[in-house]
Asks: 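I am attaching a structure below and will ask some questions about it afterwards.
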Number of protein chains: 2
Amino acid sequence: MCSCSFISYRRNTLRDRNPLTVLINPIAAEAEKAVRVAFLHRRTLIVVGRCNVIYKGRAKSKLEPGERIAILKSDGSLLIHRSAGYEPVNWQPPGCIFNVRNRKDILEIEARRQRPRESVEVAFDNIQLLSVHDLTDLGEFSLYASEEDMQKAILLDPSMLEEGFEPISYEKKIEPGFVDVYGIDMNGKLVVVEIKRKTAGKEAVLQLAKYINAIRTKSTREVRGILAAPRIAKDVQRMLVTLGLGYKFVDPKKCAEMLRRSQTVKLADFLQDS
Amino acid sequence: MCSCSFISYRRNTLRDRNPLTVLINPIAAEAEKAVRVAFLHRRTLIVVGRCNVIYKGRAKSKLEPGERIAILKSDGSLLIHRSAGYEPVNWQPPGCIFNVRNRKDILEIEARRQRPRESVEVAFDNIQLLSVHDLTDLGEFSLYASEEDMQKAILLDPSMLEEGFEPISYEKKIEPGFVDVYGIDMNGKLVVVEIKRKTAGKEAVLQLAKYINAIRTKSTREVRGILAAPRIAKDVQRMLVTLGLGYKFVDPKKCAEMLRRSQTVKLADFLQDS
DNA sequence: AATTAAATTTCGCCT
DNA sequence: AGGCGAAGTTTAATT
């Protein structure tokens with residue numbers, strides 16, 4: 001049975017300069033003080049407690065009282081998480097200005113931004129835990145087997161798509177949008193490649209067909225279309241045949257592995273010499 | 001300079017049964033114990049500390065060591081948040097199975113799910129804060145405009161319902177209850193409007209029909225009924241046709257925007273005059 | 001279960 | 001600043 005708030009000002013590990021403030025069951029006045037310090041020092045703030053939330057902006061929302069987790073980051077972003085669900089119930093992207101006040105023992109925090117003009121207001125009438133952190137995070141994040149990685153892999157080794165294929169460009173602007181990879185096959189025909197990281201559906205085929213048609217209206221040269229994906233949806237096979245398009249199995253994992261072997265390759269490096 | 005872990009087992013407010021566990025700078029063994037208890041009791045877990053994260057599944061990702069916030073919810077969802085950004089750097093949707101172990105003073109937490117088969121592994125080599133919460137959250141979340149806002153918007157701009165429509169009254173008492181909006185169309189016919197904030201089901205149609213019938217028993221004038229909602233349930237379309245009622249798509253979001261705009265417009269007009 | 005459409009989508013890249 | 005496309009998109013509704 002501990003009714004007092006607990007505050008620790010220093011962490012005992014890693015670095016001396018790495019303050020940590022933790023309040024347990026603080027009253028609003030105590031909490032407000034800690035929040036102000038957190039804002040002043042651009043720290044990360046976590047508040048767990050009973051609150052209601054109002055959002056006004058592009059839309060409007062109201063969240064009736066309940067116990068939730070609020071995270072306020074130093075970049076001006078805000079997250080309100082309920083006890084369930086992967087997505088935040090309310091949020092605010094980076095770039096907000098935070099405000100805090102203690103109004104009749106209710107801790108009110110506001111995250112406001114312009115463009116678009118919107119705000120999230122959180123009012124805590126009870127706080128289980130409030131902590132202020134200085135998060136040092138320089139670790140690199142790398143995602144493998146993204147669509148971009150597949151694109152890189154095809155540019156790195158065009159033969160994986162088709163023997164004799166030679167890329168000319170990538171993300172090339174064609175009337176309706178951007179072609180993933182664009183090149184010439186062993187017979188000198190133009191080739192448009194549409195890449196999908198997972199099962200390619202009809203929308204991928206239609207997109208490819210659109211590009212092909214756009215090119216045909218502008219050029220008399222023969223154009224082929226190839227859908228590069230690990231799998232195609234079941235109706236899509238017939239669609240490809242009907243539209244005269246090709247399909248090539250490409251494994252995203254193998255692409256990722258290939259890139260790992262030839263590390264630090266940038267997309268722009270490929271076509272430079274050609 | 002406090003190097004001890006701090007544990008509070010009871011919250012002093014709201015309810016006696018509402019345990020809260022907080023560990024500050026715990027070693028992996030202590031943390032592991034608390035995490036196991038949290039999993040066992042299906043509690044919400046927050047861990048702040050230095051970790052690296054590996055994701056394997058639809059794609060693959062690796063996050064090099066840094067200080068982050070991890071949230072594990074009782075529905076089996078996981079979030080890893082860095083010091084910046086609105087989106088989690090790594091996550092796992094609800095339905096995961098969590099595992100924890102202490103491996104050479106490293107706290108390893110795994111969130112695994114099938115379909116799609118994927119896992120996120122988090123390894124903490126230092127923990128600033130670990131807290132376990134029992135979040136009671138029954139508060140309702142309502143998005144977009146309220147039904148009242150939609151009503152206001154229709155009164156403000158009746159043409160959004162139908163060209164030439166002119167409201168006479170709102171919340172008018174008719175035998176079974178109160179009609180949302182009541183007016184006259186361009187041909188002089190009476191119009192009863194039933195508003196729903198979200199998908200209109202059969203109960204909305206029946207309510208509308210009741211009002212119409214009530215009016216018809218009292219007046220010889222022609223009466224039309226219009227259901228105003230962002231969407232109607234699938235069987236309701238036929239029901240409307242059968243009962244000779246109309247439907248008008250009304251977007252609550254647009255209503256909210258309109259009200260907001262009208263406020264600013266009024267303000268602007270006021271300022272222009274001066 | 002598969003498909004389609006919307007999201008306070010966000011995020012990035014390019015014009 | 002605005003517009004379009006992609007995302008480990010997610011989520012909900014419908015077939």
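Values below: all heavy atoms of this structure, side chains included; hydrogens, waters and symmetry mates excluded. These numbers come from a predicted model, not from an experiment. Residue numbering restarts at 1 for every chain, and letters A, B, ... go by the order of the sequence lines.
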Asks: What are the atom names and distances for every N/O pair under 3.5 Å that joins the protein to nucleotides 13-15 of chain D?
Replies:
residue, atom, partner, partner atom, Å
D/dA13, O3', B/Arg231, NH1, 3.1

Asks: Just to be sure I understand the geometry, which residues of residues 74-95 of chain B put a non-hydrogen atom under 4.0 Å away from DNA chain C?
Replies: B/Tyr86, B/Glu87
Asks: Taking only residues two or more places apart in sequence or in another chain, which ones pass side-chain contact (heavy atoms from CB on, under 4.5 Å) with B/Ser61?
Replies: A/Phe141, A/Leu143, B/Tyr55, B/Asn90
Asks: Describe the nucleic acid contact of A/Glu147 in one word from base, sugar-phosphate, nothing, applying a heavy-atom distance below 4.0 Å.
Replies: sugar-phosphate
Asks: Quote, to the nearest angstrom, the P distance that separates D/dG8 from D/dC4.
Replies: 22 Å
Asks: When the C1' atoms of C/dA7 and D/dA7 are compared, how many Å lie between them, rounded to an integer?
Replies: 13 Å
Asks: List the residues meeting salt bridge (charged side-chain N to carboxylate O under 4.0 Å, His left out) with A/Arg101, not counting sequence neighbours, and say none if there are none.
Replies: A/Glu108
Asks: Residues two or more places apart in sequence or in another chain: which of them pass ring-ring contact (aromatic ring centres under 6.0 Å, His included) with B/Tyr247?
Replies: none
Asks: Does B/Arg117 make a side-chain N or O approach to OP1 or OP2 of D/dG8 shorter than 4.0 Å?
Replies: no
Asks: For B/Lys56, I'd like to know if atom NZ has over 12 heavy atoms of other residues, nucleotides or ligands within 6.0 Å.
Replies: no
Asks: Which residues pass the side-chain hydrogen bond (donor to acceptor under 3.5 Å, both in side chains) test with A/Ser219, sequence neighbours left out?
Replies: none
Asks: Give a yes or no on whether the backbone of A/Ala111 and the side-chain of A/Gln92 come within a donor-acceptor separation of less than 3.5 Å.
Replies: yes
Asks: Mind checking side-chain hydrogen bond (donor to acceptor under 3.5 Å, both in side chains) for B/Thr242 and listing every partner two or more places apart, or none if nothing turns up?
Replies: none
Asks: Checking A/Ser142 now: which residues fulfil side-chain hydrogen bond (donor to acceptor under 3.5 Å, both in side chains) with it, not counting sequence neighbours?
Replies: A/Tyr144
Asks: Taking only residues at least two apart or on different chains, which pairs with a member in residues 115-124 of chain B satisfy salt bridge (Lys or Arg N to Asp or Glu O under 4.0 Å)?
Replies: B/Arg58-B/Glu118, B/Arg113-B/Glu118
Asks: Identify the stems formed by DNA chain C, where each pair is Watson-Crick or G-U wobble with both distances under 3.5 angstrom and a stem is at least 3 consecutive pairs.
Replies: C:1-7 with D:9-15, C:9-15 with D:1-7
Asks: Give every residue pair that meets the side-chain hydrogen bond (donor to acceptor under 3.5 Å, both in side chains) criterion with at least one member in residues 69-83 of chain B, sequence neighbours excluded.
Replies: A/Lys73-B/His81, A/His81-B/Lys73, A/Asp137-B/Arg82, B/Asp75-B/Ser77
Asks: Residues in ring-ring contact (aromatic ring centres under 6.0 Å, His included) with A/Phe165, at least two apart?
Replies: none
Asks: When you measure from the side-chain N and O atoms of B/Arg115 to the phosphate of C/dA2, is any distance below 4.0 Å, counting only OP1 and OP2?
Replies: no
